[in-house]
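Heads up, the thing below is written out as structure tokens.
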Amino acid sequence: MTEPVPAADDRTDLDLIARWKAGDQRAAALIVERHAEALARFASSVGARDDVHEIVQDTFVRAFASLDSFRGESALRTWLFTIARRLLLDRRRWEKRRGEHVEVGEQDAVTEYDPLDALIADETQRRMTSALARLSPTQREVFVLRVSEGLSYKEIAEVAGTTEGAARVHYHNAMRAIKEFLDD
Amino acid sequence: MIDCPNAEMRDYLPDLLHGRLDAATAARVAAHVAACADCTAELEVLRGLRAVMGRAPAIDLARLASAIPAHVPIQRRWAGWRAAAAVVLLVGGGASLLLVRDAQRQVADSARVVAVTRRVPTPAENDTFSRAPVTSRPQRPVEVATHKVVDSVRAPLRVAEATPARELALAGGSMSDLNDRQLAALLKAIDELDAVPSTDVETTSLAPAPRRAVP
């Protein structure tokens, strides 16, 4: 299979990192601007609720603290997703220990984004939200990274700490489950 | 909805959606989608799901950017680490010194006297140059009892983990006894610390290991 064309943005990210290291703080703001919404979408889609902003902020703080060790072998966004994913997993573990964790389930599908639900008039979109909520956490994670963020299987494998083959299987299983739900 | 039997084309659909295909591949996939009702339906589902997943709480970009500190060059960062390490070493070494001296005082106060045996060589063995005839019957060495003060602290006290400080503590020395090699080894170990972003809450206990009770 032909690998997707790498984004020209990768070069820009490396340039911005070099500028930040040279003392240009505006470069940091540009990096945040380029990647913050993608991180917020990812965090929301895999279950973060009121702490989306905190997750995104923590991700950037940790990433910038370790940028000296970032060699650019993967895209910056992939690296950021890896950090965000670990933060989300740690939070879930911590919430479970405290008995606060609530699995994202179908009952949450409609009310998960309360301020936005009022805007959802399309029944198809409602059903799609329900379909996503029925996926397993791993399937949802892979599906979000593939469909919402457009990551390749190789990049997804890097973020999720798995293999390309496993990422592909999770994606197609998720797609099958969604189609079956929508067909019902 | 039925899955298109062409797995390769189905794999390309999210890439087509995100414009991540090169021109030739994009044209080939688009042509296939135009001719395949299953892939057309699947691509439509993917568009809808992408729109649903694209909703997220608003993010305050300015607030995020203001939380990013300015870059600190590694040399200046490690200079801070070295200063901190030197302080820790000083405090740890001093504390170890106090612990060792305290333990030695306790041993002196409550030392046990135990009997140990010491082999005493035979006169023949002692008198290597003697011309006295050796008896035909070998003499057994005489064992006598001597008295020896046993150090009740069998194992060295566990002090600061840094080897130079521990060596100092065992030797009962002071900070100024650290030689250049030992100090360089400690600073090298600090330099080699791997700065990987950690997301786990780390708990570090700096309390010294508890002293063993003197039996």
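Proteins get letters first, then strands, A, B, ... in listed order; numbering begins at 1 in each. Predicted, not measured: the structure shown is a model, and the values here were computed from it.
Chain A forms more heavy-atom pairs under 4.5 Å with one residue of B:Leu49, B:Val45, B:Leu61 than with any other, namely B:Leu49. For the options B:Asp3, B:Leu17, B:Ile2, heavy-atom pairs under 4.5 Å to chain A are most numerous at B:Asp3. Residue with the most contacts toward chain B among A:Glu37, A:Arg26, A:His172: A:His172 (heavy-atom pairs, distance under 4.5 Å).
Heavy atoms of B:Leu13 lying under 4.5 Å from chain A are absent altogether. Both the backbone and the side chain of A:Gln57 have a heavy atom closer than 4.5 Å to some heavy atom of chain B. A:Glu149 touches chain B through its backbone: at least one of N, CA, C or O sits under 4.5 Å from a heavy atom, while the side chain does not. Both the backbone and the side chain of A:Phe60 come within less than 4.5 Å of a heavy atom in chain B. The parts of A:Ala29 that come within reach of chain B are both its backbone and its side chain, each placing non-hydrogen atoms under 4.5 angstrom from that chain. Using a 4.5 Å cut-off between heavy atoms, A:Ile178 contacts chain B through its side chain alone, with no backbone atom that close. Heavy atoms closer than 4.5 Å to chain B are found in the side chain of A:Tyr171, but not in its backbone.
Note that A:Arg146 lies in the cation-pi zone of A:Tyr153, set by a 6.0 Å cut-off to the ring centre and a 45° limit from the axis. Geometrically, A:Arg134 does not engage A:Phe181 in a cation-pi contact, judged by NZ or CZ lying under 6.0 Å from the ring centre and within 45° of the ring axis.
With hydrogens and angles left out, the side-chain atoms of B:Asp22 and B:Thr25 include a donor and acceptor closer than 3.5 Å.
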Audit row: A:His35, A:Asp13, side chain to side chain donor-acceptor pair (under 3.5 Å) steps and yes/no: CA-CA 10 Å; A:His35 300 289; A:Asp13 280 335; 3.1 Å; yes
Side chain to side chain donor-acceptor pair (under 3.5 Å) between A:Glu158 and A:Thr78, worked out: CA-CA 8 Å; A:Glu158 196 179 317; A:Thr78 305; 5.6 Å; no
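Taking NE2 of B:His18 as the reference point, atom OG of A:Ser148 lies at 6.5 Å (rounded to 0.5 Å).
Between B:Met9 and B:Arg28, some side-chain heavy-atom pair lies under the 4.5 Å cut-off.
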